[in-house]
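A short worksheet on the structure shown next.
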Amino acid sequence: MPELPEVETIANLLRQGTESQPAIIGKKITGARLLWERCLATPTFPEFKQRLIGQEIQKIWRRGKFLCLSLPSDILLIHLRMSGDLLVELESAPVLTHHRLILNLEGGVRLAFNDARKFGRVWLVVDPATVFGDLGPEPLDPSFTALDLFHRLQASRRQIKPLLIDQSFVAGVGNIYADETLHHAKLHPLRPSHTLTFSQAERLHHSLRQVLEEGIRRNGTSIDWVYRGGDFQNYLRVYQRTGEPCLVCGTPIQKMIVGQRGTHFCPVCQPYPVLIPEAHRS
DNA sequence: CACGAGACCTGTTCGC
DNA sequence: TGCGAACAGGTCTCGT
């Protein structure tokens with residue numbers, strides 16, 4: 001499910017709390033319960049529990065699609081993958097079917113990792129870089145410029161859509177926001193990345209930020225049976241709008257499979273350009 | 001290096 | 001109405 005804007009939304013909720021749920025910053029972890037063994041990537045559960053209990057949640061942040069909780073001696077990393085969610089609930093609340101890991105906190109509340117499809121993972125590490133691997137730049141970070149993006153596009157000959165969702169290219173973009181970004185930037189999903197001009201790269205850079213920021217502003221996208229409170233699904237321009245009119249030109253939105261992922265685009269707003277082979281250029 | 005297929009999972013929706 | 005197939009916001013690994 002969650003891409004950058006959804007993870008950012010969850011981080012905000014955990015930091016600030018809501019009318020019904022307290023913020024969890026500053027709270028100590030008092031207990032842990034593992035309900036689906038494989039969701040804990042590292043360390044073993046006994047060590048996890050022993051290291052975790054007594055530590056206080058000092059900071060909550062995001063890197064790409066990773067949710068990160070800083071503790072005094074460790075960092076707890078959570079990746080929600082397709083169907084994961086984090087809920088703050090009363091200790092007395094019933095344990096829902098898809099709860100996979102529960103952390104008890106001070107004050108009678110708990111943090112529950114819920115994940116129907118069991119793809120999500122949790123790590124407790126000292127150095128998050130060991131888990132992040134070669135994660136690309138944060139698209140909303142001011143240090144990520146259009147020129148950076150242009151250089152990265154030039155360094156590859158891959159199709160732009162699979163490249164955008166490659167986490168080592170830029171961090172945090174998934175299927176929904178990639179399709180939305182390409183439509184906003186008026187670029188065909190199959191366009192080879194190295195054929196983009198600098199001004200097209202600038203446009204892509206701008207579109208990527210516009211779309212991600214709007215997603216965050218609307219508290220993310222809530223689709224399928226997983227409701228998270230966001231309403232960006234009501235403002236999608238192409239994603240899951242196959243056959244419906246393009247909001248810009250009225251042409252029916254088309255769907256194709258690219259890199260095994262459903263890809264939605266407007267054939268008129270996002271034309272595939274006639275490319276002149278390099279060898280034939282004067 | 002780039003791409004495709006398959007695996008990991010469960011739940012919902014689609015098509016006959 | 002019922003049932004199997006297809007599909008879903010992600011990522012890893014393996015083979016070509």
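First the proteins, then the strands, lettered A, B, ... as listed; each starts at 1. What you see is a predicted model; the values in this text were computed from it and never measured.
- Atom C1' of nucleotide B/dA2 and atom CG of A/Asp166 are separated by 11 Å, given to the nearest angstrom.
- Open room surrounds CZ on A/Arg33; 12 or fewer heavy atoms of other groups in view lie less than 6.0 Å from it.
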When the side chains of residues 108-116 of chain A are checked against the rest of the protein, which donor-acceptor pairs come out under 3.5 Å, sequence neighbours left out?
from	atom 1	to	atom 2	distance (Å)
A/Arg110	NE	A/Glu89	OE2	2.8
A/Arg110	NH1	A/Glu91	O	3.2
A/Arg110	NH1	A/Ala93	O	3.2
A/Arg110	NH2	A/Glu89	OE2	2.7
A/Arg110	NH2	A/Ala93	O	2.9
A/Arg110	NH2	A/Pro94	O	3.2
A/Asn114	ND2	A/His99	ND1	2.9
A/Asp115	OD1	A/Ser83	OG	2.6
A/Asp115	OD1	A/Gly84	N	3.3
A/Asp115	OD2	A/Lys118	N	3.4
A/Asp115	OD2	A/Phe119	N	3.1
A/Asp115	OD2	A/Gly120	N	2.7

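- Look at A/Lys255 and you'll find a side-chain N or O under 4.0 angstrom from OP1 or OP2 of C/dA8.
- Looking only at side-chain heavy atoms (C-beta outward), A/Ile29 and A/Leu71 come within less than 4.5 Å of each other.
- Across the P atoms, B/dA7 and C/dA6 are found 15 Å apart, a figure rounded to whole Å.
- Atoms CG (A/Leu190) and P (B/dA2) sit 16 Å apart, rounded to a whole Å.
- Among residues two or more places apart in sequence or in another chain, the salt bridge (Lys or Arg N to Asp or Glu O under 4.0 Å) test is passed with A/Arg152 by none.
- Ranking B/dA2, C/dG9, B/dC9 by closeness to the A/Glu6 side chain, first place goes to C/dG9.
- Residues A/Cys249 and A/Cys266 are in side-chain contact: their nearest non-hydrogen atoms beyond the backbone lie under 4.5 Å apart.
- Applying the 3.5 Å distance criterion, the base of C/dA8 shares a donor-acceptor pair with the side chain of A/Arg117.
- Taking atom CD1 on A/Ile176 and atom P on C/dA8, their separation rounds to 11 Å, with Å as the unit.
- In this structure, the nucleotide among C/dG10, B/dC9, C/dA8 sitting nearest to the side chain of A/Tyr239 is C/dA8.
- To the nearest angstrom, P of C/dC7 lies 16 Å from CE of A/Met256.
- Between the CG atom of A/Asp85 and the C1' atom of B/dT10 there is a distance of 16 Å, rounded to whole Å.
- For the 3.5 Å distance criterion, the side chains of A/Arg203 and A/Ser207 fail to qualify, holding no donor opposite an acceptor.
- Rounded to whole Å, the distance from CZ on A/Phe169 to C1' on B/dC1 is 16 Å.
- A/Glu180 CD to A/Tyr235 OH: the interatomic distance, rounded to the nearest 0.5 Å, is 13.5 Å.
- Across the P atoms, B/dG6 and C/dA5 are found 16 Å apart, a figure rounded to whole Å.
- The shortest distance between the side-chain N/O atoms of A/Lys118 and the OP1/OP2 oxygens of B/dT10 is below 4.0 Å.
- Atom CG in A/Asp179 sits about 9 Å away from atom P in C/dG9, given to the nearest Å.
- Using a 4.5 Å cut-off on side-chain heavy atoms (C-beta onward), A/Arg121 and A/Val131 make no contact.
- A heavy-atom distance below 4.5 Å is not found between the side chains of A/Val7 and A/Ile10.
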Atom pairs, N/O to N/O, protein against nucleotides 11-14 of chain C, distance under 3.5 Å?
from	atom 1	to	atom 2	distance (Å)
C/dT11	OP1	A/His79	NE2	2.8
C/dT11	OP2	A/Lys65	NZ	2.8

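- Contact check, A/His98 against B/dC9: no side-chain N or O comes under 4.0 Å of OP1 or OP2.
- Listed nucleotides: C/dG10, B/dC9, B/dG11. Nearest to the side chain of A/Ala116: B/dG11.
- The side-chain hydrogen bond (donor to acceptor under 3.5 Å, both in side chains) pairs that include a residue from residues 125-138 of chain A are A/Arg62-A/Glu138, A/Arg63-A/Glu138, where partners are two or more places apart or lie in different chains.
- Counting only heavy atoms from C-beta on, A/Arg38 has its side chain closest to B/dC8 among B/dG11, C/dG9, B/dC8.
- DNA chain C forms stems at B:2-8 with C:10-16, B:10-16 with C:2-8, each a run of 3 or more consecutive Watson-Crick or G-U wobble pairs whose two key distances fall under 3.5 Å.
- Using a 4.5 Å heavy-atom threshold, the side chains of A/His205 and A/Leu208 count as separate.
- For the pair A/Pro271 and A/Phe265, the minimum side-chain heavy-atom distance is 4.5 Å or more.
- Separating the CD1 atom of A/Ile223 from the P atom of C/dC7 is a distance of 15 Å, rounded to the nearest angstrom.
- With C1' as the reference atom, B/dG11 and C/dC12 are 23 Å apart, rounded to whole Å.
- Note on A/Tyr177: every side-chain N or O is 4.0 Å or more away from OP1 and OP2 of C/dG9.
- The backbone N or O of A/Asp141 lies less than 3.5 Å from a partner atom in the side chain of A/Arg209, making a donor-acceptor pair.
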All N/O contacts under 3.5 Å from nucleotides 5-7 of chain B to the protein, with atom names and distances to one decimal?
from	atom 1	to	atom 2	distance (Å)
B/dA5	N7	A/Gln260	OE1	3.1
B/dA5	N7	A/Gln260	NE2	2.8

